[in-house]
Amino acid sequence: MAVATWEVLDPVTAGRLRDENREFAMDVLQGLSERPKRLSSRWFYDERGSELFADIMDVPQYYLTACEHEILERHAADITQSLVGAPFNLVDLGAGDGRKTMRLLQHLTSVGADVTYVPIDISEQAMADVAERVSKELPDLPVRGIVAEYTDGLRWLQARSSDKPSLVLFLGSNIGNFNKAQARAFLRRLWTALKDGDRVLAGFDLKKDIDLLLSAYNDPQGVTAAFNLNLLTRINAELGADFDISKWRHFGTYSVFSGAMESYLVSRADQEVTIGAIGQKFQFDAWEPIHTEYSYKYLDRDADDLALASGYAIEGRFYDRRAWFLDALWRVVKE
Ligand code: AVJ
């Protein structure tokens, strides 16, 4: 049985974590000083937030996860076909609980591919969970996780296994949190950390009937609302604030103009909130919004443009039956 191992890269020390708390405080101060006020979606994922997001993935109205499962199941052979002939790394950026990647890994082990699974995640807890799940279900698969920021982790991987090609997964429409300029910058950084011939599989949620979008981000069970509101609970816990959660509501809307689902926390009353770690009080008017998330929706053409603009060739486009979601397969072009 191959034992799953992972390395914690150097910068991620206790010091870095303390810094993260400072960065959180600075970002909250900055965002709540703007108008309209905003908080970044990158802070959703504390332990409770990650749990709530896992619950969202099981919400029937949140079609994204089921669509991508279907894609990976239907197209596993085509997606991996160009790499299975020789040893390669399957690199997973933001593996979550690893359930999605299991679809590909199961296929790869069934055809006897010489693949090493390399999850990269900033959270050591998330790493331990993925490693456990994967080694339980596929005990013979080598797993070499890296606890680091994505691009630090990739660079380190390239330095160590320079000859092995990589297939890098960036699934789940995580790219949707970036606007177009940020998405291009991210993909270019990724390109820089990769080598000629490496592949990227990126998940894009496609533009579709707006009613479907709205119900995916306003589920009747209130899981998405709880996920959004948890950001205030996190600020209370980590920054010593006194947000009264009952005085806030979740609001998710679609902007046809920007092509994004937008999430807000809206104040139900005039109120004042103290944030201890910042040493400041913040005023909120009744019905004043805090913007918390963009989830950009794509046309096929938008995804293609992004690939070409950041140095990739398009190798394949894989869809679920209803064509609600796209997993785009790109090749890194350096020569
Ligand atoms: C994890 C960023 C892909 O934008 O759809 C789910 C997060 N927000 N419901 C998304 C989310 C509200 C999700 N991503």
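Since the model is a prediction, treat every value here as computed from it, not as a measurement.
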From [X] atom [atom1] to [Y] atom [atom2], the distance as rounded to the nearest 0.5 Å:
X      : Y      : atom1 : atom2 : value
Leu32  : Leu39  : CG    : CG    : 5.0 Å
Ile245 : Leu232 : CD1   : CG    : 4.5 Å
Ser263 : Glu293 : OG    : CD    : 5.0 Å
Leu72  : Arg74  : CG    : CZ    : 11.5 Å
Leu201 : Thr101 : CG    : OG1   : 10.0 Å
Leu194 : Arg155 : CG    : CZ    : 9.5 Å

Check [X] against [Y] and note the closest heavy-atom contact, atom names and distance.
X      : Y      : value
Phe325 : Gly203 : CE2-CA, 3.7 Å
Phe243 : Ile275 : CE1-CD1, 4.3 Å
Asn174 : Gly94  : ND2-O, 4.5 Å
Ser255 : Glu262 : CB-OE2, 3.6 Å

Got a donor-acceptor contact below 3.5 angstrom from the [X] side chain to the [Y] backbone?
X      : Y      : value
Ser166 : Val168 : no
Trp156 : Ile146 : no
Asn228 : Ala225 : no
Arg144 : Pro142 : no
Asp46  : Gly49  : yes
Asp285 : Glu288 : no
Glu70  : Arg321 : yes
Gln182 : Asn179 : yes
Lys297 : Val256 : no

Side chains of [X] and [Y]: closer than 4.5 Å at any heavy-atom pair?
X      : Y      : answer
Tyr294 : Phe178 : no
Thr116 : Leu90  : no
Tyr312 : Leu190 : yes
Ile290 : Phe284 : yes
Val91  : Leu167 : no
Ser310 : Arg184 : yes
Glu137 : Gln106 : yes
Arg38  : Gln30  : yes

Go through the steps to decide whether Asp327 and Leu171 satisfy the test side-chain contact (heavy atoms from CB on, under 4.5 Å), and finish with yes or no.
CA-CA 8 Å; Asp327 276 339; Leu171 301 179; 4.0 Å; yes

Evaluate whether atom CD of Glu132 has more than 12 neighbouring non-hydrogen atoms of other residues, nucleotides or ligands under 6.0 angstrom away.
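Counting neighbours around CD of Glu132, 12 or fewer heavy atoms of other residues, nucleotides or ligands fall under 6.0 Å, so no.
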
Count the heavy atoms of every other residue, nucleotide or ligand shown that sit under 6.0 Å from CD of Gln221, and state whether that count exceeds 12.
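Atom CD in Gln221 is packed in, count exceeds 12.
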
Which pairs with one or both residues in residues 240-249 pass salt bridge (Lys or Arg N to Asp or Glu O under 4.0 Å), sequence neighbours excluded?
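Checked against salt bridge (Lys or Arg N to Asp or Glu O under 4.0 Å) - neighbours excluded - no pair reaches residues 240-249.
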
Taking 4.0 angstrom as the limit, do [X] and [Y] come out as a salt bridge?
X      : Y      : result
Arg42  : Glu23  : yes
Lys37  : Glu34  : no
Arg317 : Asp304 : yes

Who clusters with Tyr264? Use side-chain heavy atoms, under 4.5 angstrom, across I, L, V, M, F, W and Y, and order the result by chain and number.
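Under the 4.5 Å side-chain rule, Tyr264 groups with Phe251, Val266, Trp287.
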
Arg331, Gln158, Lys334 screened by side chain to side chain donor-acceptor pair (under 3.5 Å) with Asp198, the one that passes:
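Result for side chain to side chain donor-acceptor pair (under 3.5 Å) with Asp198: Gln158.
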
Pairing donors with acceptors under 3.5 angstrom, does anything connect the side chains of [X] and [Y]?
X      : Y      : value
Asp92  : Tyr117 : yes
Thr65  : Lys100 : no
Asp205 : Tyr63  : yes

What pairs with [X] under side-chain hydrogen bond (donor to acceptor under 3.5 Å, both in side chains), at least two apart in sequence or on another chain?
X      : answer
Asp129 : Gln125
Asp219 : Thr224
Asp270 : none
Asp78  : none

Within 45 degrees of the ring normal and closer than 6.0 Å to the centroid, is that where the cationic atom of Arg234 sits relative to Phe24?
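Pair Arg234/Phe24 counts as cation-pi.
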
Examine Phe44 together with Phe227 and report whether their ring centres are nearer than 6.0 Å.
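When the ring centroids of Phe44 and Phe227 are compared, they turn out to be within the sub-6.0 Å range.
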
Does the gap between the ring centers of Tyr319 and Trp324 come in under 6.0 Å?
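That pair fails the under 6.0 Å test.
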
Start with the C-alpha gap between Met261 and Thr253, add the side-chain angles, then the distance that decides, and say whether side-chain contact (heavy atoms from CB on, under 4.5 Å) holds.
CA-CA 6 Å; Met261 278 302 304; Thr253 187; 5.6 Å; no

Parallel, tilted or perpendicular: which describes the rings of Trp330 and Phe204, with under 30° parallel and over 60° perpendicular?
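Trp330 and Phe204: tilted rings.
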
Should the ring pair Tyr217 and Tyr62 be called parallel, tilted or perpendicular, given that the plane angle runs from 0 to 90° and is split at 30 and 60?
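Perpendicular, since the angle between the ring planes exceeds 60°.
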
Taking Val134 as the starting point, is it possible to reach Val111 by hopping between hydrophobic residues whose side chains are less than 4.5 Å apart?
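Different clusters.
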
State plainly whether one hydrophobic cluster holds both Leu214 and Ile56, where clusters connect Ile, Leu, Val, Met, Phe, Trp and Tyr through side-chain heavy atoms under 4.5 angstrom apart.
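Linked, Leu214 and Ile56 end up in one cluster.
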
